[in-house]
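First the proteins, then the strands, lettered A, B, ... as listed; each starts at 1. Source: prediction; values computed, not measured.
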Amino acid sequence: MWVRAWRKFLRNKLAVLSGIFVVLLILTAFVGPFLLPYTYDGVDYAAVYQGPSLKHWFGTDELGRDILSRLVYSLRTAMTVAFGAESITLVAGVAVGALAGYMGGRVDNLLMRFTDIMFAFPSFLFNVMLIAVMGRGMLTIFIAIGLTSWVGLARLVRAEVLKIKSREFVEAGHAMGASHWDIVTRYILPNVLGPIIVTMSFGVPGAMMTESALSLIGMGVAPPAPSFGALITAGQRFVLSYPHMLLWPALIFAFTLLAFTWMGDGLRDAFDPRDQ
Amino acid sequence: MLRFLSRRLGFMVIALVFVSLLTFILMHMAPGNFLDAKRISSGDVSGDEQASVDVIAEMEKRYGLDKPLYIQYLTYMKGMATWDMGPSFQFPQMDIQEIIAKAFPVSLTLALFSVALSIIIAVPLGILAAVKQNTVWDYCSMFLSMIGNSIPAYVLAVFLILFFSLKLHWLPTAGWTEPKHVIMPVLALGLGSVGGIARYMRTSMVEALRQDYIAAAWAKGGSFTRVVLGHALRNSLIPLITVVGPQLARLMVGTVFIESMFRVPGLGSYFTLAANTRDFPLLMTSSVFFAFVIMMMNLVVDLMYGFLDPRIRFE
Amino acid sequence: MRKTWVLLLTLLVTVGLLSGCLPGQSKETETKDPAPTTGQTEQKTEGPKKGGTFTSFIINPTSMDPHIYSYGAHIHRMALSEGLVTWKSSKFEVGPASAESWTISPDKLTYTFKLKKGLTWSNGDPLTAKDFEYSLKRAIDPKTWAGAYASYQGAGILNAAQFQRGEVTADKIGVKAIDETTLEIKLDKPNDIFLMRLAEVWGLPVHQATVEKFGKDWTKPENMVTNGPFKLKSWTVNSEIVMVRNDNYKGPNPGNLDQIKLFLNAANILAYENNEVDSVEVTSADIDRIQKNMPDQLIATETGAVQGFWLMFGDNQTLMDKRVRQALAMSVDRAKIAKLVSKDTVAPAASLFPSVVGGDWSTKYAYKYDVAAAKKLLADAGYPDGKGLPEITLLISYNIAATDPFTMAVIDEWKTNLGVKAKVENLEWGLFSQKRFAYQPADFAGMFNFSWTSPYPDAINYIRGNWGLETLWADGTKYQGYLDIQNDKNLDAATKSKKMEEYRLANASPEGKRWIELKAAIDKETDPAKQLPLYQEMAQLRLDAAMYIPLNIAKSFRVVKPHIKGYEMNPFLIGYPMYYRSLYSTK
């Protein structure tokens, strides 16, 4: 299954290119800050509102801060938030989904009703309220996003577990006297991994979008720490006089989201059972 | 069918109570309150101590904030049940039901037009991609539709304004008094969901084209129009409801950024404002109303699916 | 599969029906067209030809009642309603409006206003002194709407404060209609700026019959009755307000506007450049380009809004040494920051008095930029070159966005000039509003961001209205006792404020105690000439205590289209026009 999916993924050139780009983005986010000559909050009055130049590749903002540096840090913020939120989603979604699917009966019913309620809860409003309660900060933001986005994954995992539960090799495991824990972790979950990876790869750009939307209403990562949402909001104010302040963040952000989406798309095709 | 409906509706009531409780608890855990917001926005940072004490006591009485929490909660619930929520904190002269009655049609209009737009673009793209599967056409149409998906609506909006208003001078930058004001917000919202729908359309079309009866229709010498648009399209449209429904619900409850950028008097700005200003009655109503709309939409999707797909029976 | 087509058809019909919901299709627009041309044929009022339109933005009002605090009240003052007196210009001189004249008794306690004859409301009803009596009492009454309280506060009408506290009934308030056109207002003590204050929103009249008939719905366009030069035609909440000329208005209307359209959101220079609006504010983002491309359309004024940082109290005693605070206040080159970072969109403020209040207040009671002296003060306090001083936290809220670049620059100045480390803590405002007045733990030394403007130019209000020293504690830990009284739910309002007063007197720092004494002395003194030196002492005391560190004064920049004449900015209302009636369109 893995080999075939991998081969299939490699055939999709767009997805492969996106995958390479994603790896580069992750590297940039975590190594980039150490290579840059400027910090994200280094104020320089002698160089405010500068357009792109050799010294500042992407120009500077109203405080003379280097936009490239701010973008690299924004990328780091976005990655941290997205991966943080996704880990919460992963843990909560898989736990609830697997438990419901495997146990079935009353537990299943109870858990699924709960996910139904959470599914109906207006997620953005919930995010805003959670952040209002917990205060602004990287940690609270990804907890808030994570808490609102596990529902879809839980439903998916449950459905997959239900399907796999009745397959022969699971029955065989039971027969061999494996414990419930072993059955779930060694027989069932590895087979659900494909759909989980696909969901996660779409979840990352989703979480980044949510983070930027929160920044727009002043609930995102607190300045001076940069984030895409904050840079874009600020850039909008300057769009007529200093268009580079909007253009670069918007472009880089769009490419980041695109790369994740295309990669996810390729992964989905690769794991699609109908095409096999 | 009736049993199915009553069970779903019963569950909906329980879910709404849960949502309202959660909102109420979060709301009271959040620091700050409306009165502080009022003092900041009216520029009253220190104020006369005497006056502040009096004013706050008076306002708390007016809003019932001096009552025990469970009574406050029950008051909100009673208000919602009888559709008489009383005035919002921020808009002291407007009842919440009046706010919803005015703003919901606006959001609904915007939602329906943008979903219609994305369907109009996405369906042909999806068909093209499916029919010419794994060719340049397929890649190009999927590529294009995904681009829209990855540009946040608020970024797209800025570029739309720059292009249509400042460059071409065709459209006003914002407003909601003339039909032409609808164009840009609908574009900004609609283009975003093209990708998802087109992708879904492609998958279900590919599925439909593989069916035996399609092969039979081709064999009988059916034309493209007849086979693809006649037979395959009809069947592949049904699953589309499951993506379009939730998308519609999400847009129906308002879209805060697009609304505030284009000055659209819809629900979104009220509701986000409510959370930010700790406007308790409006916040309570909005989250319950949101949840209600989303659940209703899910119910409608399920019912329509059953109506259209004879294989599904309601238990 | 016929079902599919049924479904599609239903969808189509729904969308078709929905086009009825499209903006502009509602009845509001059909009743539109006050048609500028018909306005001209009527030609009732003297002055220039009517027919002008003015379109601009205003901060989104949440109510359209003049006695409820929101921008709706300002819209009333600027266009819809007219009080007894008015401000003649941005210098706030008082001129007649609904009152044609007034007399002041020798003891300066009784004002008798003579109303113009034949005044009417927009529906034709006669406007009498009784209407003003009703309205003023309504504005004072905290039961009508507590928010109004803040706007009236301190104007000094006889028995108003006692009435608000519930000690006397409404008929004891010193406002009385003698006859149809005579209104008498009594004060509890002389107040030189009473007439100027009377032109504020709380002095605007409301139509009693309408208010009583419709309750809170009286502010709906179809119900509203007003007495100003314009009347409300439509109000699309969160979107726009349209006002048209009120032909029943008999007062002076030097402008020629027939219609005023105010957009309520998305204030943006894009709309100005696309010729949708006639005026918009200019932010630091665009100022350079505007100055280069259309300098003739740019107008500017310094405002009364002072921004800065306010001392917070708690276990940490670092900032309780006033030399440290003075050093912080003296080591910032505000002029440089205002010029380089803010592009002169704010004015540097070394004083808590903005220059628009007049006199020498803003220059006399100001911090000097003197790094050497600041360093010495810091060293004297035991922190040479900032050594040993904990990091200072500056609390700001995202909503106060304009301070952000300026604050970052201030932090940079402290680092370079004093070696003092500081950081910004940017909080969601709910947390901000709670934390700024909370008791702080031992590891927190900080100040929070403030911004405040008096609504009218009066230096005394910049002493009495805000930034008092009563709560400058002898040491930070004294603050807890004060909070305990404030949060005590078992005390009634009167006892509580009495206890708070006693606590302040017992636990304030020497400066705080002196401040309380001076305030009491002024309250006993009725002669304004004798009050002045006491106020001057307060200003000096506050400068020396450095509990508040002023940083900048907001400036208002606007672009106005060349065909609009007579736009005079209100320095105390972020550059909105003083009154819309003075605008004139040559188009």
Parallel, tilted or perpendicular: ring planes of Trp467(C) versus Phe450(C), cut at 30 and 60 degrees
tilted
Under 4.5 Å from a heavy atom of chain B, the part of Ser63(C) involved:
both
Donor-acceptor under 3.5 Å (Gln93(B) side chain, Thr219(C) main chain)
no
Side chain, backbone, both or neither: which part of Pro455(C) has a heavy atom under 4.5 Å from chain B?
neither
Check this for me: Glu501(C), atom CD, are more than 12 non-hydrogen atoms of other residues, nucleotides or ligands nearer than 6.0 Å?
no
Ring pair (Phe, Tyr, Trp, His ring centres under 6.0 Å) with Trp452(C): which of Phe572(C), Tyr462(C), Tyr548(C), Trp310(C)?
Tyr462(C)
Indicate yes or no: does Glu98(B) engage Lys216(C) in a salt bridge with an N to O separation below 4.0 Å.
no
Is the number of heavy atoms from other residues, nucleotides or ligands under 6.0 Å of Lys499(C) NZ greater than 12?
no
Segment of Leu162(B) engaging chain C (4.5 angstrom heavy-atom cut-off)
side chain
Below 4.5 Å from any heavy atom of chain B, which atoms of Asn275(C) appear? Answer side chain, backbone, both or neither.
neither
So which part of Lys435(C) gets closer than 4.5 Å to some heavy atom of chain B, the side chain, the backbone, both or neither?
neither
Chain C contact via Leu171(B) - side chain, backbone, both or neither, heavy atoms under 4.5 Å:
backbone
With a 4.5 angstrom heavy-atom cut-off, is it the side chain or the backbone of Glu259(B) that approaches chain C, or both, or neither?
neither
